[in-house]
Amino acid sequence: MWDYLKLTVLGVTAVLAAIAANYAHDLAYMVNALVAMLAAAAAFVWVLRSADERLQTNEGEYMDGVIRAGVIATVFWGVVGFLVGVWIAFQLAFPALNLEFAQPFLNFGRLRPLHTSAVIFAFGGNALIMTSFYVVQRTSAARLWGGNLAWFVFWGYNLFIVLAATGYVLGATQSKEYAEPEWYVDLWLTVVWLAYLAVFLGTIIKRREPHIYVANWFYLSFILTVAMLHVFNNLSIPVSVFGSKSVQVFSGVQDAMVQWWYGHNAVGFFLTAGFLGMMYYFVPKQAERPVYSYKLSIIHFWALIFLYIWAGPHLLHYTALPDWAATLGMVFSIMLWMPSWGWMINGLMTLSGAWDKLRTDPIIRMMVVSIGFYGMSTFEGPMMSITAVNSLSHYTDWTIGHVHSGALGWNGMITFGALYFLVPRLWNREKLYSLAMVSWHFWLATIGIVLYASAMWVTGIMEGLMWREVDANGFLVNAFADTVSAKFPMYVVRGLGGVMYLTGGLIMAYNLWMTVRAQPARATMHSAVPAE
């Protein structure tokens, strides 16, 4: 019965997508409709071929297949995102790289949202989904709820990535930072995200462990809050059901307020709370030490999720937003120092008695560096929200350096550590193919981040000072083109830092591939759900 229902839904979806492609008003919509049609047709064939096989699922085992697929997607999208980032970094330094024959599809304006979405939502999103599926099963002693619904989440989320990416290159964007996909892509993501919430929450509800481990608190807060943010920030009315363009429900300063309520909390919950869930599981597991203070973890959880949701308006200093609203955001941003550093202290103190492992275990080294970058970024962010500092930093490359030190240093390094932890266990291998390669990856990534962030800090502060420099008569000394010219050396340094980070990612991909392909299997496979 379920198979017939699935076939009906997929068949109707494929036909409707084909009709939409035929009547499309623009190229981006047509290509996205064709992608949706092919995806529905492929799923239809798969369901049809497997309908009579009566696949047996062992409810006594963890559902690790979807996690293995998530690992592969995370590595793939990471390399793609880093590669596009390096390319657009050099496009800024050398404008000739905006290749004439590839216009307008591969210019900076279209590749930049492709890069941010590939790193944040494709690399980071797949990392969060696959690690949350792994963690919630192990800490709940329960198989993922919903049967194959977890596979729908995986494939549905990656279809969203493909639709968004092709839309960007072809010019479909609603021009909202971190929320560029158009209305029909947003609708699809909403469906997928609700399924993700159902799988995660359903697994917690049917857990065999009475206690809910703190990592699951962070994962659940990230899933719930991102759902709310996504829905409200993307409220729009399509111009036509056969076109990609839409009109935002909010406008003017209200639209800016909602956008940066979303934008800052996408950082706060997608890139912070979710990855803190990752930290609270993988750091203690790799260090083989319990969390230093479980009480502190609960305190800083509630403080973090209460304070973060108010901090967005500080991104709108010196705009049409009322001063009281921007000041409110600044105050809450400053208060965020305390819960943010609560985790940094908790994470570092978890390594008490295991510091010697820093000499021998490059995976622990990555995790410690990620904690350090988290502490630094959560100090720098509140500082930059202060009105006087913001007057210098806003709209400059200092902000770019801040964002990338957090994304590459905090989110990237903890994800790498989690991948190195997971692959031998998920593929039942004795150990990683090469710890020496992990060390090379660590040093290339760390030096690359330092070069990138330092270059942006220097050029950002220089840029801000040049913009406010005036002569004796009160006239501006520097034209905008003067600041662009002065930044050239630092742009080259940034590009080289990106090359190092990308090289580390490629080494990781090869190392993980060889771990699966060449390493001997372990004697036993630890994937069974513990008995009640």
Side-chain angles (χ1 to χ4, degrees), residues 81-98 107-120 175 177-178 180 260 263-264 266-267 271 314-319 333 373 376-412 445-470 476-502:
F82 305 154
L83 177 62
V84 177
V86 169
W87 182 259
I88 63 175
F90 281 114
Q91 280 184 328
L92 286 175
F94 305 101
L97 292 176
N98 289 270
N107 64 25
F108 178 86
R110 295 195 178 183
L111 289 181
R112 192 264 178 179
L114 180 65
H115 161 63
T116 54
S117 290
V119 173
I120 296 172
S175 303
E177 185 77 357
Y178 309 136
E180 288 92 347
W260 286 110
H264 194 265
V267 174
L271 296 178
H314 80 250
L315 293 155
L316 295 169
H317 284 312
Y318 306 106
T319 68
S333 296
F373 272 103
M376 182 187 69
S377 297
T378 53
F379 172 83
E380 184 183 30
M383 180 185 69
M384 293 173 71
S385 75
I386 298 170
T387 311
V389 179
N390 195 265
S391 67
L392 176 67
S393 70
H394 207 35
Y395 306 120
T396 73
D397 286 329
W398 185 354
T399 304
I400 310 302
H402 165 64
V403 169
H404 281 78
S405 67
L408 302 181
W410 153 234
N411 302 121
T446 303
I447 296 171
I449 297 164
V450 170
L451 287 176
Y452 190 116
S454 299
M456 291 299 95
W457 289 330
V458 169
T459 193
I461 294 171
M462 176 191 71
E463 190 176 28
L465 292 173
M466 289 180 72
W467 285 349
R468 60 168 59 177
E469 185 179 358
V470 294
L476 292 174
V477 172
N478 301 294
F480 182 78
D482 296 327
T483 66
V484 174
S485 176
K487 293 191 294 184
F488 172 76
M490 293 298 101
Y491 274 22
V492 174
V493 173
R494 169 173 66 176
L496 293 176
V499 168
M500 297 180 75
Y501 200 85
L502 170 63

Qualifying residues under side chain to side chain donor-acceptor pair (under 3.5 Å), relative to Y491, sequence neighbours excluded: D397, K487
From S385 atom OG to N390 atom CG, the distance as rounded to the nearest 0.5 Å: 7.5 Å
Heavy-atom check, side chain of S333 versus side chain of M383, under 4.5 Å: no
Close side-chain approach of E469 to L476, heavy-atom, < 4.5 Å: no
pair W467-T396: side-chain heavy atoms closer than 4.5 Å: yes
Distance-minimising heavy-atom pair for N98 and F108: OD1-N, 2.9 Å
Side chain proximity check, L92 to I88, heavy atoms < 4.5 angstrom: no
Y178 side-chain N/O to S117 backbone N/O, donor-acceptor pair under 3.5 Å: no
Check: E380 and W398 side chains under 4.5 Å, non-hydrogen atoms: yes
Close aromatic pair by centroid cut-off 6.0 Å: F488 and F94: yes
Note, L316 side chain near T319 side chain (heavy atom, < 4.5 Å): yes
Nearest-0.5 Å distance, CH2 of residue W457 to CD1 of residue I400: 13.5 Å
S454 side chain to L451 backbone, donor-acceptor under 3.5 Å: no
Heavy-atom pair with the smallest gap, counting every atom of Y318 and S391: OH-CB, 3.6 Å
Over all atoms of both residues, closest heavy-atom pair of I120 and L271: CG2-CD2, 4.0 Å
Point-to-point distance, once rounded to the nearest 0.5 Å, from CE of M466 to CG of N478: 4.0 Å
Non-hydrogen side-chain atoms of S175 and E180 separated by less than 4.5 Å: no
side-chain contact (heavy atoms from CB on, under 4.5 Å) between H314 and I386, intermediate numbers included: CA-CA 8 Å; H314 80 250; I386 298 170; over 6 Å; no
Flag for T459-R494: side-chain donor and acceptor within less than 3.5 Å: no
Closest non-hydrogen atom pair between S393 and T399, with its separation: O-OG1, 3.5 Å
Identified ring-ring contact (aromatic ring centres under 6.0 Å, His included) partner of H404 from the options F373, F82, W410, Y452: Y452
Least distance between heavy atoms, S405 atom then S377 atom: OG-OG, 3.5 Å
From CG (L97) to CD (Q91), nearest 0.5 Å: 6.5 Å
Backbone N/O of D482 and side chain of S485: donor-acceptor pair under 3.5 Å: no
Closest non-hydrogen atom pair, H115 against G81: ND1-O, 3.0 Å
M384 side chain near H394 side chain, heavy-atom distance below 4.5 Å: no
